[in-house]
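Because the structure is predicted, anything quoted here is derived from the model rather than measured.
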Amino acid sequence: MIADTRAEPGQGHVYRPAIDGLRAVAVLGVLLYHAGGFGVTGGFGGVDVFFVISGFLITSIIQREIESGTFSLLNFYERRIRRIFPALAAVAAVATAVSMMLLLPDDLKEYGKSLQGIVTLSSNFYFQRKTGYFDASAQEKPLLHTWSLAVEEQFYVVFPLLLLLLYRFSRNSAAAVLAIIAIASFALSVRELDAAPARAFFSTLGRVWELLTGAIVAFLCRAWPLARGQREAAVAAGLAMIGFGYFAYSDATLFPGPAALAFCLGAAFVLYGAAHEEPAIAGRFLASPPMVGVGLISYSVYLWHWPLIVFVRYRYPELFSSEGGPGIALRLSLVAAGLALGFLSWRFIERPFRRPTGTAAQRYVYLSFVTLTALLAAISFRTIRSEGFPGRWPSEVGEMLKHRERPEGDVCKPIANSGIWPKDTCRIGPETGVPDTLLWGDSHALMLIDGFDTAIATSNRSVIVSSLPGCPPLAGVMLYGRSRAEQCHALVEDVLTAIAQSEVRKVVLAGRWAYYAEGRSFDKVGGSPPRLGPNGVEDNPAIFAALFETTVRRLQALGREVVIIGPVPEHRFPVALTMARNLVWKQPLPLELTRAEFAERQRHVLPLLQRLSTWPGVRVLYPDRIFCGPATCRYSHDSAPMYVDANHLGPTGIKFTAPLIDEIFVRPPRR
């Protein structure tokens, strides 16, 4: 998110109310998107609009100061600290206090790590790493929105130095150099969109083109000012482009990459058209008092609205659990509260810190910055070291949360000098045992390791395990729009090659099958949707079936027995965390998944598995026969959660898979 970059009096910068109006358009898009249910399904693009505004204003200010001989890096950084840090520190302080009271230990520990990201100006890199398969939902990360501040801060560190060098050695080509950098950054964003979407979204290198778009507009405004009719057309076209993105895009849109052009070029057109004396007709709408008012408080609104929504959702998840999301009254209340908190923060925190610069003032600003930064660093360090202060809760809560721990442990030992198996392949059982079985799959294979270890404990059998979270064991698979897509594709082929060269005679396939067949997460958590083809997820069912059949045929051709572990019932909520909240706050427990809901989720999987089970040398084992009764599928046993999250079995759940895993090692009857 972009802090207010308007200049103080005396900087020679002409104030344009329409730019504050554009800020309002940006922050309202983000606010309505996060509150949900207002039809602004692409409101996340408001951040991109802010990046362009920031690049435009910062460049305009630096240009004027360089040309007038008044530019100072110390003054520049002091103003940035004044703009960004006071409100950010206030939000961090309040969010930390609320988190100490509200968040359960694991979540508080993760909060401490995100607070560390603020201190080191690296929130974007932290959250880039935390968008993996097992990571908590975005709705549980109160400081997630600070990723954009980190991008902005990193840009502010480098950009003034770059502009100084360009003005000193090649002023006439400055805009061209910035354009080349912007094009390279955009190309990187497009490339990363399929290979590493989290990096494309969060990285500064993949986002700097958006800030530089605003910088280039600042150069264009000075070199080629628009005529009145052109200004009106530019502003109207820009607002139309932003509006298109707000209402046509959704969470399924590949972003940023080319899709971000609607927001960035839209913002550029508005700035180009509204940057002169006479505002266009559409510019007058942006310059209206209500829009300017919201624009003035936009930075604080952005900072405060997201932690507010996260904490309300965390404490009262039942208000957000309906199919249509929170009710209209709650959504409007969240919007109103976000605006109110933004106004109070702007009035009593932002404005008091905007004072003329001076030597004494600079010393005060820098001293305050260092002191508060050190304090936040100490708090984050202590929170992480304490494992989230578990002593804040009764011991029963700690016991309940132990069920969130991954069950695989350290029983799978890396294979040393295997020669044929890919890196990170491991082995269960004694080293003297005969590794005649391979457990192969994604995280749903990984979660079964302890169960396999128990099943073979009294035998001299060993099991090879090859697993990569989010990577299904399907020959030829390519996960478009997912991180590690190439790694997954290569690993699958390497495993198939290793099977052909090994003594493995039984291959057990396990995966979160419906996730790939449907192209969506049942609980709406898990990152960008896995596309099995270059187009949308609507192609997933057919591609999934074809890949699965190809995989089984290749294993049959190698003379291997194939055992497919069917789908483990998925739920729409994090089971262990939800049960812990019930213990602490008496929050109502969700109803169990019905058999009909299970069948609907697996509608593209179960018929395929039924067909494959008729093929020679293929067996299918069905976990739902263990976890589901005639009407529902359970998620707990004797008040203990059976799941780590919404779909991965925990220690209690794994115990119930013992008969199914034992059946894997039973010699199949002759057909």
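- No side-chain donor-acceptor contact under 3.5 Å links S345 to the backbone of L341.
- Put simply, the side chain of Y246 gets close to the backbone of V25: a donor and an acceptor are under 3.5 Å apart.
- One distance of note links CD1 of I118 with CD of E153; it measures 8.5 Å at 0.5 Å rounding.
- The distance from atom CZ of F522 to atom CD of E600, rounded to the nearest 0.5 Å, is 8.5 Å.
- Checking side-chain atoms of S636 against main-chain N and O of M642 turns up no donor-acceptor pair under 3.5 Å.
- A ring-centre distance under 6.0 Å is not found for Y33 and F38.
- A tilted orientation is assigned to the rings of F201 and F255, their planes being inclined by 30° to 60°.
- Between P569 and L593, the closest heavy-atom pair is CB-CD2, 4.3 Å.
- Not counting sequence neighbours, F127 has no partner by the ring pair (Phe, Tyr, Trp, His ring centres under 6.0 Å) test.
- The side-chain heavy atoms of V301 and V294, taken from C-beta on, include no pair separated by under 4.5 Å.
- The salt bridge (charged side-chain N to carboxylate O under 4.0 Å, His left out) test applied to E396 returns no partner, not counting sequence neighbours.
- One N or O on the side chain of D442 and one on the backbone of R512 form a donor-acceptor pair closer than 3.5 Å.
- One N or O on the side chain of K141 and one on the backbone of K130 form a donor-acceptor pair closer than 3.5 Å.
- Annotation: the span from D48 atom CG to L211 atom CG amounts to 9.5 Å, rounded to 0.5 Å.
- Residue R603 places its CZ atom among more than 12 non-hydrogen atoms of other residues, nucleotides or ligands, all under 6.0 Å distant.
- In this structure, R581 forms a cation-pi arrangement with Y314, its terminal cationic atom sitting closer than 6.0 Å to the ring centre and no more than 45° off the ring axis.
- Between the side chain of S189 and the main chain of G257, a donor-acceptor pair closer than 3.5 Å is present.
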Test ring pair (Phe, Tyr, Trp, His ring centres under 6.0 Å) on F598 and F627 and set out the steps.
CA-CA 11 Å; F598 171 77; F627 295 99; over 10 Å; no
side-chain contact (heavy atoms from CB on, under 4.5 Å) between S203 and E192, intermediate numbers included
CA-CA 10 Å; S203 75; E192 298 281 49; 6.0 Å; no
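- Looking at L577 and D107, their side chains come closer than 4.5 Å, going by heavy atoms from C-beta outward.
- Cation-pi check for R207 over F202 is not met; the charged atom does not lie both under 6.0 angstrom from the ring centroid and within 45 degrees of its normal.
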Check the pair H34 / L334 against side-chain contact (heavy atoms from CB on, under 4.5 Å), numbers first and verdict last.
CA-CA 9 Å; H34 284 156; L334 291 173; over 6 Å; no
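- A 4.5 Å side-chain heavy-atom check between F343 and S300 finds every atom pair outside the cut-off.
- Taking each heavy atom of S99 and R392 in turn, the nearest pair found is O-NH1, 3.7 Å.
- For the pair Q587/T578, no side-chain contact is recorded, criterion being any heavy-atom separation below 4.5 Å from C-beta on.
- Listed for the N582 side chain is no donor-acceptor partner under 3.5 Å among the backbone atoms of P588.
- Contact record, A18 with L286: O-CB, 3.6 Å, taken as the closest heavy-atom pair.
- M400 and S639 get closest at one heavy-atom pair: CE-O, 3.6 Å.
- Heavy atoms only, all atoms of each residue included: L271 and I53 are closest at CD1-CA, 4.0 Å.
- Counting heavy atoms from C-beta outward, I379 and L375 have side chains that approach closer than 4.5 Å.
- Within the model, atoms CG of L303 and OG of S298 stand 9.5 Å from one another, a figure rounded to the nearest 0.5 Å.
- T146 places none of its side-chain heavy atoms less than 4.5 Å from the side chain of V91.
- When side chains are defined from C-beta on, K109 does not count as touching L103, because their heavy atoms never get closer than 4.5 Å.
- In this structure the side chain of M447 reaches within 4.5 angstrom of the side chain of V568, judged on heavy atoms.
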Just do the side-chain contact (heavy atoms from CB on, under 4.5 Å) check on L104 and V584 with the steps written out, would you?
CA-CA 10 Å; L104 296 170; V584 174; 4.3 Å; yes
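- In this structure, F573 has its ring center under 6.0 Å from that of Y635.
- The shortest heavy-atom contact between A90 and W304 is O-CH2, 3.9 Å.
- With hydrogens and angles ignored, the 3.5 Å screen pairs no side-chain donor or acceptor of S54 with any backbone N or O of F50.
- For R23 and D20, the salt-bridge test passes: some basic side-chain N is under 4.0 Å from an acidic carboxylate O.
- How far OG1 of T213 is from CZ of F51: 11.5 Å, rounded to the nearest 0.5 Å.
- Remark: L330 CG to L319 CG distance equals 5.5 Å, nearest 0.5 Å.
- Ring geometry for W306 against H145 counts as tilted: the plane angle lies between 30° and 60°, on a 0 to 90° scale.
- Using a distance-only test at 3.5 Å, with no hydrogens or angles considered, no donor-acceptor pair links the side chain of N540 to the main chain of E518.
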Evaluate the criterion side-chain contact (heavy atoms from CB on, under 4.5 Å) for residue pair E110 and E140; output intermediate values, then yes/no.
CA-CA 10 Å; E110 289 304 313; E140 296 176 16; over 6 Å; no
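- Remark: side-chain polar atoms of Q154 are paired, donor with acceptor, to backbone N or O of L121 under 3.5 angstrom.
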